[in-house]
Amino acid sequence: MKQFGTLFSFVKLITIICLFTSCSYTGDTEIYICRYDRSIIDEAPTLSSIQGLLAREGIRIYIQEKDNFWKDRIISESVNTTEVGSLEEAYGLFEKKLKKYVLCDYSNFAVGATVATSLDAFVVTERILELYPYMRKKSEMVFDVRGKDEYWLLEYVKSNIDKYSLDAITQHNSKRPAALIDLAIAKRYICTVCEDNPELMKEFYSLIRPNSPKFGFGTPYHNELKDVALGASFGLYTVPTANTMNLSFFSQTAAVESQKPAEKFWDGKDSSNVHHVMIMMSDGDNLNWTIGGCISNRKYMGNEACGNYPLNWMYPPEAMNVAGFVHNYYMNNRPKYNYFIGAVSGQGYTYPSVHRNLADFSGKAAESFLKAGLDYCVIMDTFDFHTGEKPVLSEMLSHMPGLKGIYYMDYSNYAKWKGDSYLIGNIPVHAFRYRLWLPMDPLEEIAEKINNSPTDPNSLDSYSSVVVHAWSYGIDDVVRFISLLDDDVRLVNADEYMKLLYKNVLKNN
């Protein structure tokens with residue numbers, strides 16, 4: 001017993017020593033869950049920069065947010081987690097790896113992060129150094145970017161271009177600078193803000209390889225259509241992540257799961273004398289939403305009623321690349337009868353009609369769809385569905401083998417084309433017939449239209465796809481909408497809907 005006690009004490013001592021010298025890290029077996037002082041606005045972006053820098057070595061740091069959902073999942077699925085109570089404690093744990101810092105203003109954290117990326121450093125403000133003066137003593141300042149703007153940053157990046165990965169760019173929300181800092185530093189991406197400055201944004205875009213993502217949202221025009229279209233004209237697709245933290249953590253888990261076939265909601269026998277309805281939830285391009293609470297929030301997929309109906313969800317394929325942990329959880333915990341569709345408009349949010357290098361973009365999207373088990377995608381664009389969009393979709397499909405169909409939505413009015421459909425080769429393309437979007441589309445009004453629609457399986461008018469604007473209606477509203485439908489209305493998932501449409505209508509015309 002005495003020998004055992006001595007051995008135990010020795011092991012405990014070694015464990016403590018290793019923890020505080022950071023040499024105990026063993027890859028996936030050790031996760032650090034860090035908190036910070038929310039009353040000090042500089043702490044979150046500083047910690048985020050440390051998180052990203054350490055992620056390069058495989059050190060997995062998760063920054064605790066207000067919602068405990070992902071923290072609880074991480075703890076339940078990991079071998080070992082260590083709670084870190086503050087920025088000060090986090091620095092103390094890893095100070096031997098934090099040898100260099102870049103000094104910045106709170107207002108130009110993006111500039112500081114971009115410079116820090118090239119110098120293998122983390123980012124601090126003068127306020128942080130005043131609060132924790134030992135950082136100044138134990139780490140070396142390698143650059144001072146205080147007072148420097150993004151015009152200066154552009155020239156710095158051009159002079160040090162070989163130190164950056166040009167496979168993506170991050171666009172920061174100046175109101176929440178901690179978001180995306182970790183991803184940018186971990187992956188060596190350029191960080192920008194460029195608010196109200198499209199000409200400067202174009203200069204940064206020109207440095208990035210076509211068919212790369214731009215992470216963020218809302219710059220430079222603060223106009224969704226213009227912002228996304230500008231990126232598309234350079235061959236970049238948007239991944240809305242303006243408020244997203246911890247992507248350097250989530251991306252360290254490989255995405256290995258594929259979508260399982262959705263369970264059948266009906267027996268699939270007789271399709272006559274019924275009106276078929278498919279309900280699709282937006283807002284699938286938004287990774288903020290995917291990570292931020294779609295699957296946990298009772299308004300959305302966290303609602304227990306989801307498992308009672310064949311609901312369909314737009315899903316961002318880019319989650320496979322940048323949020324493997326999250327992606328795997330979604331694929332393994334999809335509610336019964338529910339189905340995922342790749343959205344929008346392929347690998348990420350873009351308008352195919354103006355996207356540069358559309359062929360390469362389409363091929364990249366097809367690879368992600370295949371890996372994720374996504375058989376269909378939602379395309380959003382601004383062209384006429386027939387005269388303008390059909391050639392664009394034909395070009396896309398020629399580079400997307402394996403895709404079984406496309407759901408189409410217009411930017412200005414999701415259901416502008418009222419269920420119009422056609423074949424491109426043998427691939428069905430279908431425009432949403434109805435939308436649910438407040439205040440324009442009361443549930444009762446759309447339900448009444450469906451109840452008064454034909455039930456002839458060979459008529460296109462006997463099929464109604466309904467796209468739900470996620471910021472207007474939640475699952476409780478969808479359940480109420482379903483309750484308003486007559487007995488001769490049959491709900492189907494997006495796969496069943498498209499197969500019925502192809503078999504009974506499109507194939508014969």
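Values below: all heavy atoms of this structure, side chains included; hydrogens, waters and symmetry mates excluded. This is a predicted model, so every value here is computed, not measured.
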Is a salt bridge present between Glu65 and Arg176, judged by a nitrogen-to-oxygen distance below 4.0 Å? yes

Aromatic contact between Phe369 and Tyr376, with the criterion being ring centroids under 6.0 Å apart: yes or no? no

Short side-chain to backbone donor-acceptor contact, Asn108 and Val145, under 3.5 Å: yes

Between Lys202 and Glu199, is there a side-chain N and carboxylate O pair less than 4.0 Å apart? yes

For Lys100, look at atom NZ and say whether over 12 heavy atoms of other residues, nucleotides or ligands are found less than 6.0 Å away. yes

Is a salt bridge present between Arg136 and Glu126, judged by a nitrogen-to-oxygen distance below 4.0 Å? yes

Should the pair Tyr101 and Phe122 be assigned to parallel (<30°), tilted (30 to 60°) or perpendicular (>60°) ring geometry? tilted

Is there a donor-acceptor pair closer than 3.5 Å between any side-chain N or O of Glu43 and the backbone N or O of Arg38? no

Using a strict threshold of under 4.0 Å (side-chain N to carboxylate O), is an ion pair present between Arg146 and Asp105? no

If we count only N and O atoms by modelled type, under 3.5 Å, do the side chains of Asp42 and Thr125 hold a donor and an acceptor together? yes

Check for me whether the distance between the ring centres of Tyr300 and Tyr473 falls short of 6.0 Å. no

Ionic contact status for Glu89 with Arg35, cut-off 4.0 Å: no

Could you tell me whether Asp120 and Arg188 make a salt bridge, using a distance below 4.0 angstrom between a side-chain N and a carboxylate O? yes

Is the backbone of Leu247 close enough, under 3.5 Å, to the side chain of Asp182 for a donor and an acceptor to pair up by distance? yes

Do Tyr414 and Phe432 have ring centroids that are under 6.0 Å from one another? no

If you round to the nearest 0.5 Å, how far is OG of Ser48 from CG of Leu180? 8.0 Å

For residues 358-366, run the donor-acceptor check on the side chains, cut-off 3.5 Å, and write out each pair with its distance to 0.1 Å, sequence neighbours left out.
| unit_1 | atom_1 | unit_2 | atom_2 | d |
| --- | --- | --- | --- | --- |
| Ser362 | OG | Leu358 | O | 2.8 |
| Lys364 | NZ | Asn211 | O | 3.0 |
| Lys364 | NZ | Tyr237 | OH | 3.1 |

What orientation do Trp152 and Tyr156 show, parallel under 30°, tilted 30 to 60°, or perpendicular over 60°? parallel

Which atoms form the tightest heavy-atom contact between Asn197 and Tyr151, and what is the distance? ND2-OH, 2.9 Å

Check whether Phe69 forms a cation-pi arrangement with Arg73 (NZ or CZ under 6.0 Å from the six-membered ring centre, at most 45° off the ring normal). yes

Any side-chain donor paired with an acceptor under 3.5 Å for Glu195 and Thr219? no

